[in-house]
Amino acid sequence: MSYLVLTHLNKTYDGTTAVNDFSLQVEKGEFISLLGPSGCGKTTTLRMVAGFETPDSGSIHLDGEEITSIPPNHRGMGMVFQSYALFPNMTAWNNVAFGLRVAKIPTAKINNRVNELLDLVDLSDDGHKYAREMSGGQQQRVALARALAIEPRVLLLDEPLSALDAVVRVSLRHEIRRIQSALGITTIYVTHDQEEALSISDRVVVMRQAVIEQIGTPEEIYIQPQTRFVATFVGTINQFSGIMKDKQKGLVTGINGDWELSIAQISQGKIPEGAPITVFVRPEEIHVSKIDKSADYANSLQAVLKTITLLGPVTRLNLDFYGQSIIADIKTVDRHRFILNKPVELSFSREACRIMSDDDFPHDDD
Amino acid sequence: MATIRKKKSLPGLLIGGFLFYMLLPIVATYIFSIATRWDRSILPEGLTLEWYKVAFADRWFLIVFKNSLVLSFSTVIASIVIIVPTAYWVHLRVPKARALLDLLSILPFAIPGVVLSLGLIRLYAKPPLMLARTPTMLVAAYVIFTMPFMYRPVVNSLKAVNIKVLTEAAQSLGSSWLRTMGQVILPNIMPGIISGGLLVFATIFGEFTIATFLVGARYKTFPMQLVYYTRRDGRIASAYSVISFTIAWVSSLIILWVAAWGAKRTTSGGPKKEKELKINSAGDQS
């Protein structure tokens, strides 16, 4: 049996379903992210694990013991909140010591442990400060130390980085992962930021409208999205609406027959010929070149370059393809090779094409 | 030029007039309390501390002073014990009831003291609770009467700190309800409790109507003694008023000081995007 087992959890507020039939098994030491847009039920799920909400039905088991109705102060879960929630009347040091004092741990031990934890989050010199004297990033690191101090059975983080600025957000998320790995602590992390979820987790649970869309490793979620929602929510993706023309050869054509794409056999699944389908292609999988320069790709389309947006190491091209907009990412160093409003050639492999039937949405692959 | 000068002096004139209107009776009371005689001349005929001496020498002075202090302190403690946990619980667990509590808390303003006391006497003159005409009943009535003064500052403090998240944070660290309340919630809403307590204290210390109706001479209070002297010698009554004012003013000063201290303490915490804000404001200027 897994370490943390959530079984068929349901939660409804005033007739609105917040979480619908949520089941998940988490191994000891695993880092799981719950990812989804706001209102998808990810925070409610986390709060049920923490004990702040009681599920209408379903059960939660931790290390073989049922904890569904145990009050939060007896669950031993460390929680980190989006708003930090440091006790304003206490210094950073006393915040970290709070849980240890509640547990009636001897003072000498508390002193050692608090110093150790402040050191772990790189704040050993700031123990005397109050929340109001610290930056958001520092406050959240104190909150993390406070949650870790009680040696929680599971660490729960509810959008811990959403209130921080971009630079701190990235550095702190690496720090969270580093500490989590070092301590081997089972962690559930709620976020609406897909980059955060992909970069930090062992597995990601993508949720939408109270239900789980897909559970998988970051790679599975990004490379093999199982539903249309996962494909479009995680990362940027181009969509071509067409019809399955020839299953044997793996050919898909546009609805008006103005384009034809060659797809890999394995991604065809059970879709019959003539069925309306969507082909998904990631922007970074599109090779952009001047006309007649490409060769080795199964698919090539002609489009007109409309805008060029510098994103850093990558530059995003927005192209017009039969009135539809296509996004392709190129290396920023190559950006001068392209001229606005000129035709270019877009080429990509068969394997870059992921297809989903428009009929049986969400599409189940086998 | 002249009209401009006139316009400029208008606010000053208004403020001056307002201050004169507000302060004149108070200043007059102070002077009256140290005047030998001030009913035949424009200025007092002489100055003396005689009336304070009389006031302090009165054998009732200490009794009524003590009675009013006991009433005020009892009311403050009772209203803290009743109102603070209620406001906390409602804000945390029954947010829908907030509107009802807000409405209830202003109700005492709408009921005149006389009506309140007569109603209470009728209700509590019969068994099972024969509380009419006891100081206990007076304190009970005072808790209701001063509810807005305690409830408002406490609620404002509860709103200023995110009590829901703080409570949950404490709970996740294993803290019981009692410990959460005592070590996390109370210290953070203390400015509200103190300022509410002082407002209640000052109000009760000077309260006359309800006390007279509910207990009357059985439990003489400071304002009752003051009223007694207004019928005998206005100068001694003035001395009493000055003592009462002084207590009220000291309370107000403490309230202001506590409020400033509280504001300094609570303008912290919440998530801030400092760097982003800086970038945004720099962008605005360009």
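Chain naming here is simple, since letters A, B, ... match the order of the sequence lines and numbering starts at 1 in each. For clarity, every value in this text was computed on a predicted model and none was experimentally measured.
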Is it the side chain or the backbone of [X] that comes within 4.5 Å of chain B heavy atoms, both, or neither?
X: F98(A); result: side chain
X: I150(A); result: side chain
X: M79(A); result: both

task = Assess whether atom CZ of F245(B) is packed by more than 12 heavy atoms of other residues, nucleotides or ligands within 6.0 Å.
result = yes
query = Crowded around L310(A) CG? As in, over 12 foreign heavy atoms under 6.0 Å?
reply = yes
Kindly give the heavy-atom pair with the smallest separation between [X] and [Y], and that separation in Å.
X: A85(A); Y: L166(B); answer: O-CD2, 3.7 Å
X: R47(A); Y: K164(B); answer: NH2-NZ, 3.5 Å
X: A147(A); Y: L173(B); answer: CA-CD2, 4.4 Å
X: N73(A); Y: S176(B); answer: ND2-CA, 3.7 Å
X: M90(A); Y: V184(B); answer: CE-CG2, 4.3 Å
X: S172(B); Y: F52(A); answer: CB-CZ, 4.1 Å

ask   = Rounded to the nearest 0.5 Å, how far does CZ of F81(A) lie from CG of N162(B)?
value = 9.5 Å
ask   = About how many Å separate CZ of R75(A) and CD of Q171(B), when rounded to the nearest 0.5 Å?
value = 10.5 Å
Within residues 102-116 of chain A, residues adjacent to chain B where the heavy-atom gap is under 4.5 Å = V102(A)
